[in-house]
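Accompanying notes for the structure given below.
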Number of protein chains: 2
Amino acid sequence: MPNLTDFIEEYLKKLLAISSRRYVDIKRHELASKFDCVPSQINYVLASRFSLERGYLVESRRGCSGFIRIYRVEPVNLVSWSELLEEIAADSFNPLRALHFLKRSCEEKLVSRREALIIESLLRDDYYDGLGASRDEIRRLQKKLFKAALEAVLKGGY
Amino acid sequence: MPNLTDFIEEYLKKLLAISSRRYVDIKRHELASKFDCVPSQINYVLASRFSLERGYLVESRRGCSGFIRIYRVEPVNLVSWSELLEEIAADSFNPLRALHFLKRSCEEKLVSRREALIIESLLRDDYYDGLGASRDEIRRLQKKLFKAALEAVLKGGY
DNA sequence: TGGAGTTTGACCTTTACTGACCTTTGTTGT
DNA sequence: ACAACAAAGGTCAGTAAAGGTCAAACTCCA
């Protein structure tokens, strides 16, 4: 008994399949009308079915003539990538381990040397001094930034 | 789905591209007629697409036979680039300005698209929520990370 | 029957566009 | 001269049309 979310998911995946590009653009309101639901339902579908963990990336622009763009991400090296994701998803973020993975990703040409240098700079603890934040809060922030950086790499393609 | 602003932006950039000079002159009213919009729409395009951060400079003269002149600012060399970076990362760090600077650096091929995407993710305010930090502290942190990232790129060479 | 997953709607932010009103500058008639 | 007018461009607040967020309500099984 598939539900609405499943139908929309299927529809979007078909769109992606027949698209000649690595992404499709949709209008949130249009899609919601097509499936006769509230617009925020679309956000739910995107969050639950088109997450990075599932191999998708979503970006959007607000305002008049805004849009939502869904990328199909194709990891060059599936093994390294899934390892990276696991690392990211781990409860307590460990910058040293992240650094280790980064190095490997660099060796495997998933990220360039320069990109690695950028991401490395996120992991330097001393930048986070002077904030009133606790150790845990800083780790959480580093994790978010690290994850965002890797997503950016994926989004960038090549 | 490009909108009017996008079309006018494209048109003006083409004009600049084929111009033998570093600037183009337009008449606000003429341009507005050409695109069938109100004159102040032109001001919106200029403000949102031809700001200094994006590498353009606009000057104008009012009154009879007035005009608007749009300069493409010369590509920055490395020295002035770092000067600009200092300026951007000055006391009151403005993420939006930084973003425009980043876009510009991307256009100048100083950073790649992927690198720009990574650095862009540093500037997203919502990653810094949940920290106990104040607005000012977050801005300081963003500034440190932004600067470090760009410097990492430059040091990394090729 | 309790919790994970789904659906909804109220409220928010961002971006594009418009129009009324203002300022500046050149021209013209006396 | 110079006052009046015409013809530029500038500003700003308001409106509309996107997408985002979040928590409450609902459903469906194990």
Side-chain angles (χ1 to χ4, degrees), chain A residues 1-12 23-51 53-54 56-71 144 148 151, chain B residues 1-12 23-54 56-71 94-97 99-100 103 120-121 123-130 135:
Chain A
M1 181 70 76
N3 52 35
L4 223 203
T5 296
D6 293 330
F7 282 129
I8 300 175
E9 173 189 12
E10 191 187 7
Y11 172 75
L12 289 175
Y23 61 85
V24 290
D25 287 341
I26 58 165
K27 293 269 188 188
R28 190 175 76 147
H29 185 75
E30 272 180 19
L31 191 55
S33 294
K34 186 183 196 81
F35 285 92
D36 195 28
C37 62
V38 294
S40 57
Q41 172 88 38
I42 307 303
N43 295 85
Y44 178 71
V45 175
L46 294 175
S48 64
R49 304 294 146 86
F50 292 86
S51 63
E53 285 76 6
R54 291 172 182 240
Y56 300 89
L57 259 173
V58 176
E59 61 178 23
S60 64
R61 201 168 91 189
R62 292 193 189 184
C64 246
S65 73
F67 60 88
I68 296 176
R69 180 165 295 175
I70 307 168
Y71 287 85
K144 273 192 259 185
E151 283 177 9
Chain B
M1 293 293 103
N3 49 40
L4 223 203
T5 297
D6 293 332
F7 282 130
I8 299 175
E9 172 189 13
E10 192 187 5
Y11 173 75
L12 290 176
Y23 61 85
V24 289
D25 287 342
I26 58 166
K27 292 271 189 186
R28 191 175 76 146
H29 185 75
E30 271 181 20
L31 191 55
S33 295
K34 186 185 195 82
F35 285 92
D36 195 28
C37 62
V38 295
S40 58
Q41 171 86 38
I42 306 304
N43 295 86
Y44 177 72
V45 175
L46 294 175
S48 64
R49 306 290 202 267
F50 291 86
S51 63
L52 191 55
E53 285 84 2
R54 291 176 182 228
Y56 299 90
L57 205 133
V58 175
E59 59 179 26
S60 63
R61 207 171 79 194
R62 293 190 188 187
C64 244
S65 72
F67 62 88
I68 297 176
R69 180 166 295 176
I70 306 169
Y71 287 87
N94 180 341
L96 205 60
R97 277 194 70 198
L99 190 62
H100 289 154
K103 283 222 165 84
E120 204 178 312
S121 67
L123 299 175
R124 282 192 46 181
D125 275 355
D126 54 335
Y127 289 145
Y128 300 83
D129 290 346
R135 183 85 164 187

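Lettering follows sequence order; numbering is per chain, from 1. Everything numeric in this text was worked out from a predicted model, so none of it was measured.
Each of A:Y44, A:Y11, A:F7 was compared with A:F35 under the ring-ring contact (aromatic ring centres under 6.0 Å, His included) criterion, and only A:Y11 meets it.
Using a 4.0 Å heavy-atom cutoff across all strands shown, B:R69 reaches no nucleic acid atom at all. Residue-level contact check: A:L4 touches the backbone only, with heavy atoms under 4.0 Å from sugar-phosphate atoms and none from bases. Across all strands, B:I68 comes closer than 4.0 Å only to sugar-phosphate atoms, never to a base (heavy-atom distances).
Nucleotides of DNA chain C nearest to B:C37 and A:Q41 differ in position, and the one nearer the 5' end is that of A:Q41. Judged by closest nucleotide on DNA chain D, B:I26 is the one of B:I26 and B:R124 placed further toward the 5' end.
Put simply, the side chain of A:R28 and the base of D:dG20 share a donor and an acceptor less than 3.5 Å apart. In the interface, the side chain of B:S60 is not paired with the base of D:dG9 through any donor and acceptor atom under 3.5 Å apart. In terms of polar N and O atoms assigned as donor or acceptor, the side chain of B:S40 comes within less than 3.5 Å of the base of C:dG19 in a complementary pairing. Evaluation of atom-type donor-acceptor distances gives a pair under 3.5 Å for the side chain of B:R62 against the base of C:dT23.
Atoms OH (A:Y44) and C1' (D:dG20) sit 17 Å apart, rounded to a whole Å. The distance from atom CD of A:E30 to atom P of D:dA18 is 8 Å, rounded to the nearest whole Å. For the pair A:F67 CZ and C:dT14 P, the computed distance is 16 Å after rounding to whole Å. Separating the CD1 atom of B:I42 from the P atom of D:dA8 is a distance of 15 Å, rounded to the nearest angstrom. The separation between B:L46 atom CG and C:dC17 atom P is 14 Å, rounded to whole Å. Atom NE2 of A:H29 and atom P of C:dT15 are 21 Å apart (whole Å). As a whole-Å value, the separation of B:D125 CG from C:dT13 C1' is 13 Å. One atom, CG of B:N3, and another, C1' of C:dC17, lie 10 Å apart when rounded to the nearest Å.
Between B:Y71 and B:Y23, the two ring planes are tilted [angle within 30° to 60°].
For the pair A:R54 and A:Y56, the cation-pi test (distance below 6.0 Å, angle within 45°) is failed.
OP1 or OP2 of C:dA16 sits under 4.0 Å from a side-chain N or O of A:R61. An OP1 or OP2 oxygen of D:dA7 is reached within less than 4.0 angstrom by no side-chain nitrogen or oxygen of B:S65.
More than 12 heavy atoms of other residues, nucleotides or ligands lie within 6.0 Å of NE2 in B:H100, so this atom counts as buried by the packing criterion.
A pairwise comparison of heavy atoms in A:K27 and A:G66 identifies NZ-O, 3.0 Å as the closest pair.
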